[in-house]
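Heads up: the structure comes next, in structure tokens.
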Amino acid sequence: MSAAVKYTLGRIGLFVVVFVALWPVGMNIFLQLMLALAFSATLSFFLLRGLRDEMAGEMAEAAERRRAEKERLRSALAGDDQPAEGGPDNQRP
């Protein structure tokens with residue numbers, strides 16, 4: 001499972017836990033939702049740090065792969081990319 005999915009499920013789970021903890025307080029449902037959102041966001045900053053760092057690392061790797069592929073395609077389109085010696089495109093008659 002990807003780190004982004006784990007982090008998202010962690011955030012949702014934390015929100016549900018805080019919302020359920022606020023249920024017996026007996027306040028307006030809208031206020032409960034807003035408080036649960038605020039408290040779960042604050043708690044996730046501390047409790048889900050490892051998952052957030054893992055997700056950021058995966059996103060950085062994906063961005064680097066996309067950048068490298070984009071550069072490779074640009075150089076191929078510009079004609080700077082030469083096929084390897086003895087390859088199928090460069091056979092001598």
Side-chain angles (χ1 to χ4, degrees):
M1 186 174 349
S2 75
V5 172
K6 289 187 230 178
Y7 180 72
T8 301
L9 290 175
R11 288 287 307 257
I12 292 170
L14 198 54
F15 172 78
V16 169
V17 166
V18 172
F19 181 73
V20 168
L22 289 174
W23 190 262
V25 175
M27 62 179 76
N28 184 354
I29 189 78
F30 182 71
L31 183 59
Q32 275 183 320
L33 288 170
M34 296 306 289
L35 285 174
L37 183 65
F39 288 145
S40 67
T42 304
L43 287 173
S44 72
F45 182 74
F46 298 106
L47 298 177
L48 301 177
R49 176 174 291 159
L51 289 175
R52 188 174 53 249
D53 291 343
E54 184 181 342
M55 181 179 67
E58 282 185 7
M59 290 174 66
E61 290 171 8
E64 180 61 30
R65 280 193 311 269
R66 284 191 305 269
R67 187 200 59 76
E69 181 65 16
K70 185 177 180 181
E71 288 299 318
R72 187 190 68 75
L73 288 172
R74 279 189 178 163
S75 67
L77 287 172
D80 297 339
D81 199 19
Q82 297 295 326
E85 283 291 323
D89 294 336
N90 199 12
Q91 292 180 352
R92 294 186 183 147

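Predicted, not measured: the structure shown is a model, and the values here were computed from it.
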request  = Please tell me if the side chains of Lys6 and Glu54 come closer than 4.5 Å, counting only heavy atoms from C-beta onward.
outcome  =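 SC-SC contact between Lys6 and Glu54 confirmed.
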
query = Taking side chain as C-beta onward, heavy atoms only, is Met55 less than 4.5 Å from Thr8?
reply =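 No, side chains not in contact.
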
Interatomic distance, Arg52 atom CZ to Leu47 atom CG [nearest 0.5 angstrom] =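 It is 10.0 Å, given to the nearest 0.5 Å.
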
Transitively linked via ILVMFWY side-chain contacts under 4.5 Å: [X] with [Y]?
{"X": "Phe45", "Y": "Leu37", "value": "no"}
{"X": "Leu51", "Y": "Leu43", "value": "no"}
{"X": "Leu48", "Y": "Phe46", "value": "no"}

message = According to side-chain contact (heavy atoms from CB on, under 4.5 Å), who are the partners of Ala63, at least two apart in sequence or on a separate chain?
response =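 With sequence neighbours excluded, Ala63 shows a side-chain contact (heavy atoms from CB on, under 4.5 Å) to Arg66, given in chain and number order.
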
query = Looking at Glu64, Glu69, Glu71, which one forms a salt bridge (Lys or Arg N to Asp or Glu O under 4.0 Å) with Arg67?
reply =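 Running salt bridge (Lys or Arg N to Asp or Glu O under 4.0 Å) over Glu64, Glu69, Glu71 with Arg67 returns exactly one hit, Glu64.
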
Which donor-acceptor pairs under 3.5 Å do side chains of residues 10-23 form with protein atoms, sequence neighbours excluded?
from	atom 1	to	atom 2	distance (Å)
Arg11	NE	Ser44	OG	3.4
Arg11	NH1	Tyr7	OH	3.4

task = Tell me, please, which residues at least two apart from Arg49 pass side-chain hydrogen bond (donor to acceptor under 3.5 Å, both in side chains).
result =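 Result, side-chain hydrogen bond (donor to acceptor under 3.5 Å, both in side chains) vs Arg49: none returned.
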
